[in-house]
Trainee: 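This is the structure I have questions about; it appears just below.
For the numbers below, each heavy atom of this structure counts, side chains included, while hydrogens, waters and symmetry mates do not. The residues of the chain are indexed from 1 along the displayed sequence.
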Amino acid sequence: MAGIHPIQPPVFDLEAWRRFGREYREEFDFCRILQGDWVVAANLYFESDPEAHAEGRALIRCFGSLLEGLTTSMRKIAVATGKLFRQPLNPFLQEKVEERAITAYQRIYTSYRLIGEFLPRSPLAATTDGFWDELHWAIEARNRIVHPRSASDLTMTEEEVRRVAEMGNELSTHVNKFAHWLSRKEEKLLWEHLAERRHIYPKIGRNEPCPCQSGRKYKHC
């Protein structure tokens, strides 16, 4: 992305770092709730009869909640990062994301672009055209279920439900990778301020879960 300059470390402000930590951890907690609901809905569908259309519709509706919630949280995290580094995000993209008149696909695409421009080395900046094509199809499938015009709109094949499920899993992977990347970036920046870092994070035992939410023990992460 030409013209995008790497963000520079801010003058260390202990309270600002604490506020940033609270904000982005709250958002990732929200993401984990959405992901938990998604896993439950997916399990209900895949453990049911392949022709169980009610479970398939429930999974696709849950996909809509996951989609909107994860992208909204990632955008909020990018805004919080911008405040911490005192570098505003692209005002045009921010305004575009908040428009309710644009489609869900446009809003999500703009959210990814907003984060990708400000954090060009983050995992969200490396999405492929194939991802966007498949996302567009999955959103259209969601719209068909949420806003049906006839009984036929409420029927989806097993293959179609599986495609939506795969996209939901990919979105979850994106947010988990983004959380891990941001946690490691924060760790690296705070390493230069070791004394202040101790006031923000408690000591972590070697066998305790890593705070980056990777699921691994701290000593292995």
Side-chain angles (χ1 to χ4, degrees), residues 24-77 103-112 115-116 122-183 208-217 220-221:
Y24 94 72
R25 282 179 177 77
E26 284 174 4
E27 291 304 324
F28 283 134
D29 284 343
F30 172 55
C31 289
R32 282 193 291 277
I33 292 171
L34 292 170
Q35 289 171 313
D37 289 346
W38 170 252
V39 169
V40 170
N43 287 341
L44 285 174
Y45 173 75
F46 289 110
E47 291 172 1
S48 67
D49 187 301
E51 298 299 320
H53 296 298
E55 283 82 354
R57 289 193 293 271
L59 178 62
I60 291 171
R61 290 191 182 98
C62 190
F63 166 76
S65 297
L66 181 78
L67 179 72
E68 294 284 358
L70 294 187
T71 51
T72 298
S73 283
M74 288 188 285
R75 185 177 71 252
K76 287 180 179 178
I77 291 164
T103 66
Y105 176 84
Q106 289 173 315
R107 189 161 56 253
I108 292 156
Y109 176 80
T110 306
S111 293
Y112 268 63
I115 297 168
S122 77
L124 300 187
T127 48
T128 64
D129 289 342
F131 166 79
W132 293 112
D133 291 341
E134 197 65 14
L135 177 64
H136 188 272
W137 180 90
I139 290 175
E140 289 300 310
R142 187 279 307 261
N143 290 344
R144 203 171 87 208
I145 293 296
V146 176
H147 306 291
R149 296 183 179 180
S150 67
S152 62
D153 286 339
L154 296 174
T155 302
M156 301 198 77
T157 66
E158 182 182 1
E159 177 60 27
E160 288 175 321
V161 177
R162 285 184 178 275
R163 283 179 68 182
V164 173
E166 287 172 4
M167 176 50 61
N169 292 339
E170 187 164 0
L171 287 166
S172 289
T173 299
H174 282 187
V175 77
N176 291 339
K177 286 182 177 179
F178 184 61
H180 183 70
W181 177 85
L182 189 60
S183 179
E208 293 180 25
C210 182
C212 76
Q213 310 299 332
S214 66
R216 292 178 290 180
K217 291 183 179 180
H220 293 147
C221 191

Trainee: Nearest 0.5 angstrom please: Ile108 CD1 to Leu171 CG, how far?
Mentor: 7.5 Å
Trainee: Do Glu158 and Arg162 meet the salt-bridge criterion of a basic N to acidic O distance under 4.0 Å?
Mentor: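 Yes, Arg162 and Glu158 are salt-bridged.
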Trainee: So do Glu160 and Trp137 actually touch side chain to side chain, heavy atoms under 4.5 Å?
Mentor: yes
Trainee: To the closest 0.5 Å, what do you measure between SG (Cys62) and CD (Gln35)?
Mentor: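 Here the interatomic distance stands at 11.0 Å.
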Trainee: Write down the atom of Ala141, the atom of Val164, and the distance for their closest heavy-atom approach.
Mentor: CB-CG2, 4.1 Å
Trainee: Working to the nearest 0.5 Å, report the span between CZ of Arg149 and CG of Leu154.
Mentor: 13.0 Å
Trainee: Using a strict 4.0 Å threshold on nitrogen-to-oxygen distance, state whether Arg107 and Glu68 make a salt bridge.
Mentor: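 Glu68 and Arg107: salt-bridged.
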Trainee: Evaluate the criterion side-chain contact (heavy atoms from CB on, under 4.5 Å) for residue pair Leu70 and Phe30; output intermediate values, then yes/no.
Mentor: CA-CA 8 Å; Leu70 294 187; Phe30 172 55; over 6 Å; no
Trainee: Within a radius of less than 6.0 Å around CG of Asp133, do more than 12 heavy atoms belonging to other residues, nucleotides or ligands occur?
Mentor: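 It does: Asp133 CG has more than 12 such atoms within range.
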Trainee: Go through it in stages, so that I can follow the logic: the residues are Met156 and Arg57, the test is side-chain contact (heavy atoms from CB on, under 4.5 Å), and I'd like the CA-CA distance, side-chain angles, deciding distance and then a yes or no.
Mentor: CA-CA 8 Å; Met156 301 198 77; Arg57 289 193 293 271; 5.9 Å; no
Trainee: Are any non-hydrogen side-chain atoms of Glu55 and Phe46 less than 4.5 angstrom apart?
Mentor: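 Answer no - side chains too far apart.
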Trainee: What heavy-atom pair brings Leu124 and His174 nearest, and what distance separates the two atoms?
Mentor: CD2-CB, 3.9 Å
Trainee: For a quick test of reading the model, state the closest non-hydrogen atom pair linking Thr155 to His53 and the distance between them.
Mentor: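 Nearest heavy atoms, Thr155 then His53: CG2-CE1, 3.6 Å.
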Trainee: In the structure I gave you, are the side-chain heavy atoms of Phe178 and Ser122 within less than 4.5 Å of one another anywhere?
Mentor: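 They are in contact (side-chain heavy atoms under 4.5 Å apart), so the answer is yes.
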Trainee: What distance do Cys31 atom SG and Ile77 atom CD1 have between them, rounded to the nearest 0.5 Å?
Mentor: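 Going from the SG atom of Cys31 to the CD1 atom of Ile77 covers 6.0 Å.
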Trainee: Main chain of Gly69, side chain of Thr72: is a donor-acceptor contact present, judged purely on distance under 3.5 Å?
Mentor: no
Trainee: Could you walk me through whether Ser65 and Asp37 pass the side-chain contact (heavy atoms from CB on, under 4.5 Å) check?
Mentor: CA-CA 9 Å; Ser65 297; Asp37 289 346; over 6 Å; no
Trainee: Report the C-alpha distance between Leu135 and Leu67 in whole Å, list the side-chain angles of each, state the deciding distance to 0.1 Å, and finish with yes or no for side-chain contact (heavy atoms from CB on, under 4.5 Å).
Mentor: CA-CA 10 Å; Leu135 177 64; Leu67 179 72; 3.6 Å; yes
Trainee: How many angstroms lie between CD1 in Ile139 and CD1 in Ile60, if you round to the nearest 0.5 Å?
Mentor: 13.0 Å
Trainee: So Trp132 and Tyr112, would you call those rings parallel, tilted or perpendicular, with 30° and 60° as cut-offs?
Mentor: perpendicular
Trainee: In terms of the angle between their ring planes, are Tyr109 and Tyr105 parallel, tilted or perpendicular, with boundaries placed at 30° and 60°?
Mentor: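 It falls in the parallel class, under 30°.
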Trainee: Distance from Thr71 atom OG1 to Lys76 atom NZ, nearest 0.5 Å?
Mentor: 10.5 Å
Trainee: Do you know which two heavy atoms are closest between Gly116 and Ala125, and how far apart they sit?
Mentor: CA-CB, 3.9 Å
